[in-house]
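What follows is a short report on a single structure.
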Amino acid sequence: MSRDLLSSFAGNARYTTATGVDSFKDQTGNGNHFGQGNTSLQPAVTTAGPNSRNCADFDGVDDWMSTFAALSTFIANNAGFVIVSCLIDTIGSNNTGTPGGNQTIFSDTGVSTGMELLSTGPSAKALNFDGNYDTQTVTIATATALVLTWRHEGGNLYISKNGGAEASVASGNTSSLTNQFQLGRATGAFWFLDGKIFEIATWSAVPDATTRDTIVSGFMSHIGAT
């Protein structure tokens, strides 16, 4: 929300507001924005995060955003890369093993993929459904700037924090890419994100390791993650 990710994008604002953030703008120019038309469900605009960067502040009660596009617009069934910079305010005691039953940073409505939060650790959990759920976690800290990556490639699912070593688990093709991509919740009216999102970017063809390192470094530098 506070910088242009793509110098080639000739669109309008990075985000628009009503009561809160009503549209988190897609900077590719393809119009795949995250939106929320209900003003009572919109995350607030705040500069309360690191380096006074603009961010979308999800209240942990009912804030969420969604695209109108299917998950297949953002990742492929056998490959994908998602990076998000965020600051988690609090994590409830929600350590259920059921995907979709935990606070969620991003996911699709069918919970075929995504990244959830667990109070034990605390930790972030990457997930992918290939007929069975495959998950992997990384320890995080609340009230601290974070850059988290979700990567699915070569039959494995990976998660990393702040450019550190990736943790991995074997995972086959994502079973469904037809559901909508969301921020702040998986599906249903439970376990909403209590935290701030600065930037999120997705790739259906995974960038090479050198490029990923550059992307992560840029995300971290922008919000002062260490």
Counting only N and O atoms by type, is there a donor-acceptor contact under 3.5 Å from the side chain of [X] to the main-chain atoms of [Y]?
X    : Y    : result
H33  : F68  : no
N162 : T226 : yes
R212 : P207 : yes
D130 : N173 : no
K161 : T139 : yes
S221 : G218 : no
E199 : S85  : no
D108 : G110 : yes
Q136 : A167 : no
E166 : Y158 : no

Can you name the nearest heavy-atom pair linking S66 to Q180, along with the distance?
->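 Scanning both residues, the minimum pair turns out to be OG-OE1, 3.5 Å.
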Will you find, in the side chains of T90 and D194, an N or O donor that is under 3.5 Å from an N or O acceptor?
->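 Side-chain D/A pair, T90 to D194: present.
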Quick one: do the S171 and N128 side chains pair a donor with an acceptor below 3.5 Å?
->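 A donor-acceptor contact under 3.5 Å links the two side chains.
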Just list the side-chain donor-acceptor pairs under 3.5 Å for residues 111-118, sequence neighbours left out, or say none.
{"residue": "S112", "atom": "OG", "partner": "S176", "partner atom": "O", "Å": "3.3"}
{"residue": "T113", "atom": "OG1", "partner": "L127", "partner atom": "O", "Å": "3.3"}
{"residue": "T113", "atom": "OG1", "partner": "W150", "partner atom": "NE1", "Å": "3.4"}
{"residue": "E116", "atom": "OE1", "partner": "N102", "partner atom": "ND2", "Å": "2.8"}
{"residue": "E116", "atom": "OE2", "partner": "G100", "partner atom": "N", "Å": "2.5"}

In Å and rounded to the nearest 0.5 Å, what is the CG to CZ distance from N54 to R3?
->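 It comes to 13.5 Å.
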Do [X] and [Y] have side chains that approach each other closer than 4.5 Å (heavy atoms only, starting at C-beta)?
X   : Y    : value
F58 : M65  : yes
I83 : V147 : yes
I91 : I140 : yes

What salt bridge (Lys or Arg N to Asp or Glu O under 4.0 Å) pairs are there with at least one residue in residues 56-75, not counting sequence neighbours?
->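 Qualifying pairs: D57-K196.
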Applying side chain to side chain contact (heavy atoms under 4.5 Å, CB included), name anything that partners D208, two or more places apart in sequence or on another chain.
->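 Partners of D208 by the side chain to side chain contact (heavy atoms under 4.5 Å, CB included) criterion, ordered by chain and then number, come out as T210, T211.
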Stepwise side chain to side chain contact (heavy atoms under 4.5 Å, CB included) check, L87 with F198 | CA-CA 8 Å; L87 185 151; F198 300 90; 4.2 Å; yes
Got a sec, which residues hit ring pair (Phe, Tyr, Trp, His ring centres under 6.0 Å) with F129, two or more places apart in sequence or on another chain?
->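 Per chain and number, F129 pairs via ring pair (Phe, Tyr, Trp, His ring centres under 6.0 Å) with Y133.
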With T16, which residues qualify under side chain to side chain donor-acceptor pair (under 3.5 Å), at least two apart?
->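 Here the qualifying residues are D22.
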Qualifying ring-ring contact (aromatic ring centres under 6.0 Å, His included) pairs with a residue from residues 165-185, counting only residues at least two apart or across chains |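 Every ring-ring contact (aromatic ring centres under 6.0 Å, His included) pair that includes a residue of residues 165-185, provided the two are not neighbours, is F34-F181, F74-F181, F106-F181.
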